[in-house]
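Working notes for the structure below.
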Protein chains: 2
Amino acid sequence: MEVALAAVSGRWTTLILRELMHGPRSFGQLRVALPTLSAKVLSERLTKLVRHDLVECRRQKGFPSQVVYRLTTAGQLLRPLLIELYRTGDALLRQSRRLPD
Amino acid sequence: MEVALAAVSGRWTTLILRELMHGPRSFGQLRVALPTLSAKVLSERLTKLVRHDLVECRRQKGFPSQVVYRLTTAGQLLRPLLIELYRTGDALLRQSRRLPD
DNA sequence: CGGTATCCACGACGATACTG
DNA sequence: CAGTATCGTCGTGGATACCG
């Protein structure tokens, strides 16, 4: 459990993964999709995901430079978990309004 | 997703919930089950879970005082999520050994 | 465009001591 | 037994500036 939680925890991580579930995305595309997230934190999250082999990145040759991130096979394993997170969150909200602090 | 993640995130939270999934537990029982967790943090986590209506607590009258925590109906909703966390963590470990930093 | 370096602020965590 | 109070420490996130 701690392993899976470590994989998806950290603010923004689930949102980044959600974007990548829809297909490969460049650094810039992720920034646009998550505007309130600073470049530093996005970079940190992606680095961690890459270290954990959940995401891989490809540098495109040429200028301007372009780097595309995509889920690895291991990363795809997270899909059911993300769906379950969504399902559970939804169920909690339906049952009670007290969840947000 | 953020709602569900907020419910289970925080170090130790999943472990506390896991204990409570097995049935009601007193503060002391939880401390024994999670020896490396300080009373302060356990208290903080339980307070938060109670605030979120995921857990409720009952004071037993008499001495020594005894307080029992148990999952609420909403808390029970988290069971599939915890199972999925376990399942996914297991799958990740099987596929790769690089997950722990 | 895609990052890293630096600095700062805040919150989380642990240890210890104390209360009802 | 079941907490709360206090304190020090460390990690995390944000802003800004800069590099390849």
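What you are looking at is a predicted structure, and each value in this text was computed from that prediction instead of being measured. So you know, we letter chains A, B, ... as the sequences are listed, proteins then strands, and number each from 1.
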Hey, are the side chains of D90(A) and R94(A) touching, using non-hydrogen atoms and a 4.5 Å cut-off?
-> yes

Nearest-nucleotide comparison on DNA chain D, the residue closer to the 5′ end among G10(A) and S65(A) | G10(A)

pair L30(A)-L46(A): side-chain heavy atoms closer than 4.5 Å = yes

Grab the CH2-P distance between W12(A) and dG14(D) for me, whole Å please.
-> 6 Å

Separation of atom NZ in K40(A) from atom C1' in dT4(C), rounded to whole Å = 11 Å

Terminal axes of the helix from dC1(C)-dG20(D) to dG20(C)-dC1(D) (5 end pairs apiece), angle rounded to 10 degrees, sit apart by 40°

So if you build clusters from Ile, Leu, Val, Met, Phe, Trp, Tyr with side-chain heavy-atom gaps below 4.5 Å, do L37(A) and Y69(A) land together?
-> yes

L30(A) CG to dG3(C) C1', straight-line distance once rounded to whole Å = 13 Å

Give a yes/no on whether any side-chain N or O of S43(A) is located under 4.0 angstrom from OP1 or OP2 of dT4(C).
-> yes

For the pair made of NZ in K48(A) and P in dG3(C), what is the distance, rounded to whole Å?
-> 18 Å

Between dG2(C) (P) and Y69(A) (OH): distance, integer Å | 9 Å

Give a yes/no on whether any side-chain N or O of R31(B) is located under 4.0 angstrom from OP1 or OP2 of dC1(D).
-> no

Kindly give the heavy-atom pair with the smallest separation between L17(B) and A7(B), and that separation in Å.
-> CD1-O, 4.5 Å

According to a strict under-4.0 Å criterion, is R11(B) in side-chain N/O contact with OP1 or OP2 of dG14(C)?
-> yes

Do E44(A) and K48(A) meet the salt-bridge criterion of a basic N to acidic O distance under 4.0 Å?
-> no

To the nearest angstrom, how far is R45(A) atom CZ from dG13(D) atom C1'?
-> 8 Å

Could you state the CG-P distance from L37(A) to dG14(D), rounded to the nearest angstrom?
-> 7 Å

Whole Å only: how far is the CG atom of L46(B) from the P atom of dC1(D)?
-> 16 Å

Please tell me which of P64(A) and A39(A) maps to the more 5' nucleotide of DNA chain C, matching each residue to the nucleotide holding its nearest heavy atom.
-> P64(A)

What one should report as the nearest heavy-atom pair of Q29(A) and P24(A) is OE1-O, 4.2 Å

Common cluster, V32(B)/M21(B), ILVMFWY with side-chain heavy-atom separation under 4.5 Å | no

